[in-house]
Amino acid sequence: MNRTTEVATTPVGDAVPTAADQPSAVWRDLSRPAAERVDALVEAMTLDEKLAQLVGVWVGADPSGAGVAPHQHDMTADPVVWDEVIASGLGQLTRPFGTRPVEPVAGARSLAASQRQVADANRFGIPALVHEECLTGFAAWQATAYPAPLAWGASFDPDLVAEMSGLIGRSMRAAGVHQGLAPVLDVTRDYRWGRTEETIGEDPYLVGTVATAYVRGLERSGIVATLKHFAGYSASRAGRNLAPVAIGPREFADVVLPPFEMAVRDGGVRSVMQSYTEIDGLPSAADAGLLTTLLRDTWGFDGTVVADYFAIKFLQTLHGVAEDEAHAAALALAAGVDVELPTVRCYGTPLREAVERGDVDEALVDRALRRVLHQKVELGLLDPDWSPLPEDVDELRLDSPEARDVALRLARESVVLLANDGVLPLRPDLRLTVVGPLADDPMAMLGCYSFPAHIGVHHPDAGLGLEIPTVLSALRDAVGGTVTHAKGCEVSAEPDADEIAEAVAAARDADVCVVAVGDLAGLFGRGTSGEGCDATDLRLPGAQADLVRAVLATGTPVVLLLITGRPYAIGDLADGAAAVVQTFFPGQLGGQAIADVLTGAVSPSGRLPVSLPGEESGQPGTYLSAPLGRRSEVSNVDPTHVFPFGHGLGYDTFTWSPVRVVSDEPWTTDSEVALELDVHNPGTRPGADVVQLYLHDPVAQVTRPVVRLVGYARVELNGGASARVTFRVPADVTSFTGLAGRRVVEPGAVQLRVSRSSADVHEAVDLRLDGPLREVDHTRRWLSAVSVTHEEVERA
């Protein structure tokens, strides 16, 4: 890669010297407010220099067609000329680590050299902001691969998720990266959608609390977190990726938006990525009501809005609302998209020419520019002592023991025991066979945004870059007896009679058979789960159900182990199994975590973040349904879930006391009510339980979900120990979008259900909200405050 050695120094306006000649320029003066430093730069810049700050460049993009973004093969046909594209400056560098395998130290040094080129090539010495994917860890070769977001949801443990994201952020900063494109706050609406694995679950309260924790951890590490995908992406018709979204304003306000509201207000997030979505004919990239009026004017967000990859060009090529690239740029810029990613298309020459013609007001360019430069000031990229080379670069390791410890703990907490007739935990002396296409495949542990699945599959000679024990190898290490194996079938191929017969024979000779089935993550049809890997129904892919049925027919006790990116309809399979265990791409140490749970080294404590449906082709609805969305006499289709949202078992059943209302005053529409109960672990081993609090609103001015989550507490207890759990529930959590289209707290009867799952109620507490109807907004109290007091309590 060549670069120009002579940097243009032609003065503009008041004869601005080059950065090298003016180290004490206003924009480098740390004593001045950030806004003043930014204003000085905006005033001094030419139009080309301004626009250069509003684009990313993906010099490592692969135009061969084996892409990692939609239509990448269409959009990267013309190679980037590096010297030309950085001559006026550069806003962002796209995925220098996440495009191909690169050894971490070498990658950091290479990035630093590129940054020095960028800074030297422009008059102001401004480096690029570097972004990477980080949904399941820093998407770089040899970086820790953590559990996928559905596994975060299954843990019901925001604190551990924040610990994880803090470690991810630290590794990114150590490599010279500034921004992470995570988390995903889309609420699952249709399980057939391939990106279900990237979501945290089907409930906005769970998604919001866990995602906000992720944001806090990443931001505290110094990395700019990016909320994805704003907004409505997961509600596409028939669960097809990028398909139009059919959703009403009330569902949009009450289900889709709350996680984003929470993360913007409480998470300290500094960036938002607009969605590929079109809602009622209006693409998000062109929606000023969404990106400016709501996000900025109403919620007060003051960070940057970045385009999802190629989304601005898609206004022309996919949505058909722009006639050319200049028109697409004008629409996106006016709507509030500040930065075009992943590489320059519309915000380059097309936008410059539109401004010069007078078609686009340069004030809109300046608006976006100020936001971009302000973020660079925050990150120290305009400081006089900025250096492109991170400290201790030669010590850079992206898969530390601390990171692996957190990855293992989160994987363990995410394993969900759905059913068990006593076969689990496995006896140490039994004859065990492990069958299924995922039994001995390390890729079964990884979501589609992990580096090995996202990028590494295109570079097989580089290897995984990580040690990823399989379920089989981990069980062989954990079980003292004989462990045999037969594959049985492929994940998505037609049945092979000989392979199934081999698995059946192995099962007949065993005391217990573990059958590992589910998904392999990929992109755009190269997997059974992941971006662009949508499903037409909820049957297990390929011949896997046939394999399970054949093994069940042997009479050997079967542990059905699901390793998936979405919930599947397993009703008849679960009926015949001795135990059913659900995991959601548990990361590089997922095999060990599964073995730890199956053998009893760890008691299972995960809870379902999504419901498991009963019918393979029935209604793909979540638990958040109004009364007529459930089983009724007016339809022959029964949408009841086999295993409901929030369900999960442990090896010891914790006992719960009766619920006590401990508030002194009546509950009013502007106050809170307090409930408490005691939780006891009667066993001898450590374990955890998840106390869940649901709201049932029997009468409201519009139809409401029968129940919805409004609080939860993960309670970890040693054997024989107890704890007191207290929920303080503000009336605001009962709010919804009323008849007039405004969010209200409505007086009247309500019921709080302290539950083990959305369908397993421990105790229902009938209450009444007194007082007037109240309107609330994004400043409302989001959360039920929860306290867990670990002490010996007098049990009722």
Side-chain angles (χ1 to χ4, degrees), residues 58 60-77 95 98-101 133 135-137 139-141 145 148-150 181 184 191-199 229 233-234 236 238-243 276 308-310 318 342 436-438 440-466 468 470 487 489-494 516-544 563-566 568 584-585 587-588 590:
W58 199 359
D62 182 358
S64 67
V68 297
H71 290 265
Q72 181 181 315
H73 55 288
D74 298 331
M75 301 294 179
T76 56
R95 302 187 67 179
T99 298
R100 57 178 55 89
E133 299 285 359
L135 190 64
T136 56
W141 194 53
L150 270 184
L181 303 187
V184 170
Y191 309 135
R192 296 172 296 179
W193 190 46
R195 302 189 80 165
T196 294
E197 65 167 79
E198 298 179 46
T199 72
H229 306 86
Y233 189 23
S234 59
S236 58
R240 293 181 60 245
N241 198 39
L242 272 69
Y276 291 130
D308 205 343
Y309 283 13
F310 309 115
L318 298 186
L438 303 185
D440 198 29
D441 189 342
M443 295 298 290
M445 300 295 111
L446 305 178
C448 77
Y449 267 77
S450 65
F451 187 90
H454 205 67
I455 304 298
V457 291
H458 305 302
H459 304 273
D461 293 342
L464 294 175
L466 297 167
I468 307 177
T470 67
K487 191 171 187 178
C489 68
E490 302 296 330
V491 168
S492 56
E494 293 296 316
V517 293
D519 286 314
L520 282 176
L523 295 175
F524 309 116
R526 296 192 289 270
T528 59
S529 174
E531 186 172 359
C533 298
D534 309 317
T536 56
D537 58 39
L538 296 173
R539 288 176 289 185
L540 282 169
Q544 294 181 92
I563 309 171
T564 71
R566 64 166 61 85
Y568 285 103
F584 300 102
F585 294 141
Q588 72 184 66

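The residues of the chain are indexed from 1 along the displayed sequence. Side chains are part of it too, since the values below use all heavy atoms of this structure and drop only hydrogens, waters and symmetry mates.
In plain terms, the two heavy atoms of A521 and A453 that are nearest each other are O-CB, 4.3 Å. Scanning both residues, G518 and V491, for their nearest heavy atoms gives O-CG1, 3.8 Å. Residues I455 and T99 share a closest heavy-atom pair of CG2-O, 3.3 Å. Of all non-hydrogen atoms in G565 and L150, the two that sit nearest each other are O-CD1, 3.5 Å. For A243 against S236, the heavy-atom pair with the smallest separation is O-CB, 3.5 Å. Shown here for P437 and C489, the closest heavy-atom pair between the two residues is CB-O, 3.1 Å.
A donor-acceptor contact closer than 3.5 angstrom is absent between the side chains of Y449 and E197.
Looking at residues two or more places apart in sequence or on another chain, you find a salt bridge (charged side-chain N to carboxylate O under 4.0 Å, His left out) between E198 and R195.
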Discussion item. If you apply the rule side chain to side chain contact (heavy atoms under 4.5 Å, CB included), what do you find for Q588 with L464, and how did you get there?
Written reply: CA-CA 10 Å; Q588 72 184 66; L464 294 175; over 6 Å; no

Worksheet entry | Candidate pair Y568 and D519, rule side chain to side chain donor-acceptor pair (under 3.5 Å), full reasoning | CA-CA 10 Å; Y568 285 103; D519 286 314; 2.6 Å; yes

Worksheet item: Do F585 and S450 pass the side chain to side chain contact (heavy atoms under 4.5 Å, CB included) test, and can you show the C-alpha distance, the side-chain angles, and the key distance before you say yes or no?
Response: CA-CA 10 Å; F585 294 141; S450 65; over 6 Å; no

Item to complete: Apply side chain to side chain contact (heavy atoms under 4.5 Å, CB included) to the pair Y233 and N241, showing each step before the final yes or no.
Response: CA-CA 8 Å; Y233 189 23; N241 198 39; 2.6 Å; yes

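The distance from atom OG1 of T136 to atom NE2 of H454, rounded to the nearest 0.5 Å, is 9.5 Å. Between the CG atom of D537 and the OH atom of Y191 there is a distance of 15.0 Å, given to the nearest 0.5 Å. Summarising the geometry, atom CD belonging to Q544 is positioned 10.0 Å from atom OG1 belonging to T564; distances are rounded to the nearest 0.5 Å. Atoms CD and CG, from E531 and L242 in turn, are 8.0 Å apart once rounded to the nearest 0.5 Å. The CH2 atom of W193 lies 7.0 Å from the OG1 atom of T199; values are rounded to the nearest 0.5 Å.
Of the listed residues (L446, L520, I563), just one forms a side chain to side chain contact (heavy atoms under 4.5 Å, CB included) with D441, and that residue is L520.
In this structure the side chain of R95 never reaches within 4.5 angstrom of the side chain of L181, judged on heavy atoms. Considering only heavy atoms from C-beta on, R192 stays 4.5 Å or farther from D534 through its side chain. Residues P149 and L135 are in side-chain contact: their nearest non-hydrogen atoms beyond the backbone lie under 4.5 Å apart.
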